[in-house]
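FYI, side chains are in, hydrogens and waters are out, and symmetry mates aren't considered; it's all heavy atoms of this structure.
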Amino acid sequence: MKNKRILRILMVLVLILPSFLVTGASNEHVAVAEDTSENTGEYSSKDEVVYATLSPSGERQEVYVVNIFDVMQEGNISDFGTYSNLKNLTDLSEIEQKEDTVEFTAPEGKFYYQGDKNDAYLPWDISISYLLDGNKIDPEELAGKDGDAEIKIQTSANENVDSVFFDNYLLQISLHLEPEIFDNIETEDGVVANAGKNKQVTFTVMPEQAGELTMKADVVDFELQGMDIVAVPQSMSIDAPDMDDMTGEITSLTDAIKKISNGVGELNNGVSDLNSGVASLRDGSGEYEKGISDIDGASYELIDASESIDEGLATMSTSLNESSGEMDVTELRELPDGLSQLADGLHQTVNGLDNLNENYTVAYSTLDEAMVAIPDYDITEEEIEALYMSGADSDVVDQLVETYAAARTAKGTYSAVKEAFAAVEPSLDEVSGSIEEMANTMESMATEIGSSVEDMDAADSIGELQEGLATLSNNYKEFHDGLVSYTNGVGQLSSSYKDIHAGIVELSGGTGELEDGVEELDTGTDTLYESTKDMPDQMQEEVDEMIADYDKSDVDTVSFVSAENEKINSVQFVIKTESIEKEEQESNEEQEEEQKGFWDRLMDLFKA
């Protein structure tokens, strides 16, 4: 019995002694802690992990923050923030909160403490709704149901929180779906992947963007694990793509547009010269038409006068042959005057033709220079198509193509009729020379006849006069026939030239319209070049701006808890929704009696 009591005492001592040792160690630790608390600690950085729990519909349920310090020198550290409850997650030392300041003593290394902030707002408003067979349903009522289910998740900025998180944080939402419950999963916004035996649907919402996310599936006995929502800063740096190839092609395009613009400018100058030349040609052609028409009109009078001379010479020759003795030479004396008048008329005709020829030469020379000045570009269909594809105004391009075709047609038409234009000047020279020769002949005849009549001895020279008049009459008939042929030719030329002149007038009108169109086209191509010449730089600027919109690598991290906190290394958000589960049936089975533990068995020894 005595041995039994001794054994019991020894066992109690064994149980009690460690508690004294622990108490002593604790007191020693407190003493050290008190000594440490006199020192000011230092930390290199602080991380904040914000944990939140939402209802299945997205309402905020619970929010707490785990603050993590990288302590370089142990001692007393102050942090800022207002919490409803504090918990040291590193050791047993106390943490005090004075208004919005949190004070604690931290050893060197990592130090963790948790602060509850159930009244805090998250940077995102999250709304989750559920539909079954197209009808909206509360999540509590959805548990255990079958049918076509649809889950809609909407995210937007919470105006009550600093926008730095919404503007710079990437939001990732994950749904874990059991294949026994979910089948035929469909989503346009998310990515479906295997996660162990389950399917996982992941949605990503970019910074500064609101989310409209949808997932559909056929469900049996609906249950849903809590959604995981993680928000982290989009701190990755985005490298700019190599734009050299693209900008090189655009540069080639703008260079081609510049060449087209320069070509159209030269074309505009050429068409302007062409129009001026054609206008001069039209004016000269009008004078030529009028002159040839006047000559044609005067030809009838010339023929009549020539016929009178021919008849007079024939009558005189016949009269001289029939007369004998003295003869009356009065009519013969009038012949030189008639021939002189006829010669004067022919000289006037020659002067008109020379004038006409001179004007025609100037007009034709101007026209030729203008036509030659039209650029002989050979623009391919591929180049024209490239111009259409460049984004240029299609109406301007249509005008360019139409003007290009018209210019080539005008140049080709001119080349075809150039021979005819070139033949006019020699013809005018030949006609003018022939008429000049006729006029000179008439003057010589008038002079000779006048001299002969004055010096003539009627008695002695009647025979010579008869022979001379007979020869003159016969030669004049040939001259008259030639004159008739000439006037007929002039008549045909005058009639034909009316059509030529009408064509020149029409050409002048066409080149006038062409000049207006090419001038407008020149302005359009200049504008097109001016608007596209900086396109490579503009494209590079646009790409740089787009990259800058998504590159958040240079954004300074701020504290979620308090703006006074410094040395913030990272802030992350870990959010989870409550699961949707069926209610479990209460079990009526009686619980087996728990077996006694060691302490109970020990106490039973004393009872004995």
Handout entry: Heavy-atom closest pair, residues Thr214 and Thr187
Key = O-OG1, 2.9 Å

Exercise for the section: Check whether any side-chain N or O of Ser562 sits under 3.5 Å from a backbone N or O of Glu564 as a donor-acceptor pair, and report yes or no. Expected result: yes

Problem - Approximate separation, where rounding is to 0.5 Å, of Ile68 CD1 and Thr90 OG1 - result: 9.5 Å

Fill in the blank from the handout: In short, Phe203 meets Asp189 closest at the heavy-atom pair CD2-C, 3.7 Å

Problem - Test of ring centre spacing under 6.0 Å for Phe222 and Phe182 - result: yes

Handout entry: Backbone N/O of Asn76 and side chain of Thr40: donor-acceptor pair under 3.5 Å
Key = no

Completion exercise
In this structure, OG of Ser559 is separated from CG of Asn565 (nearest 0.5 Å) by 4.0 Å

Completion exercise
By side-chain hydrogen bond (donor to acceptor under 3.5 Å, both in side chains), Asp133 pairs with (sequence neighbours left out) none

Exercise for the section: For residues Phe69 and Tyr112, establish whether the separation of their ring centroids is below 6.0 Å. Expected result: no

Problem - Tyr130 side chain vs Glu140 backbone, donor-acceptor pair below 3.5 Å - result: no

Problem - Separation of Leu131 CG from Lys136 NZ (nearest 0.5 Å) - result: 7.5 Å

Handout entry: Atom pair CD/CG of Glu186 and Asp148 - distance to nearest 0.5 Å
Key = 9.5 Å

Problem - Ser156 side chain to Ala210 backbone, donor-acceptor under 3.5 Å - result: no

Exercise for the section: Check for a donor-acceptor pair, side chain of Lys117 on one end and backbone N or O of Thr82 on the other, with a separation under 3.5 Å. Expected result: yes

Exercise for the section: Return the minimal non-hydrogen interatomic distance between Asp125 and Ala157, and the atom names on each side. Expected result: OD2-O, 3.7 Å

Exercise for the section: To the nearest 0.5 Å, tell me how far Lys46 NZ sits from Ile568 CD1. Expected result: 5.0 Å

Handout entry: Derivation and outcome, side-chain hydrogen bond (donor to acceptor under 3.5 Å, both in side chains), residues Gln73 and Glu108
Key = CA-CA 5 Å; Gln73 178 179 323; Glu108 185 177 346; over 6 Å; no

Handout entry: Under 3.5 Å: donor-acceptor pair, side chain of Ser579, backbone of Glu581
Key = no

Practice task
Determine yes or no for a side-chain-to-main-chain donor-acceptor pair under 3.5 angstrom, with Ser55 supplying the side chain and Glu59 the backbone.
Solution key: yes

If you look only at distance, which donor and acceptor atoms sit under 3.5 Å apart when one is on a side chain in residues 96-104 and the other is two or more places apart or in another chain?
residue: Gln97; atom: NE2; partner: Glu99; partner atom: O; Å: 3.0

Problem - Stepwise salt bridge (Lys or Arg N to Asp or Glu O under 4.0 Å) test for Lys145 and Asp221 - result: CA-CA 5 Å; Lys145 295 289 196 307; Asp221 201 16; over 6 Å; no

Practice task
Give a yes or no on whether the ring-centroid distance for Tyr43 and Phe111 is below 6.0 angstrom.
Solution key: no

Exercise for the section: Without swapping roles, check the side chain of Asp138 against the backbone of Glu141 for a donor-acceptor pair under 3.5 Å. Expected result: no

Exercise for the section: Would you confirm whether the ring centroid of Trp124 sits within less than 6.0 angstrom of the ring centroid of Phe165? Expected result: no

Practice task
Might you point out which heavy atoms bring Ile77 and Ala106 nearest each other, and give the distance in Å?
Solution key: CD1-CB, 4.0 Å

Practice task
Measure from the side-chain N and O atoms of Thr557 to the backbone N and O of Ser570, and report whether any donor-acceptor pair falls under 3.5 Å.
Solution key: no

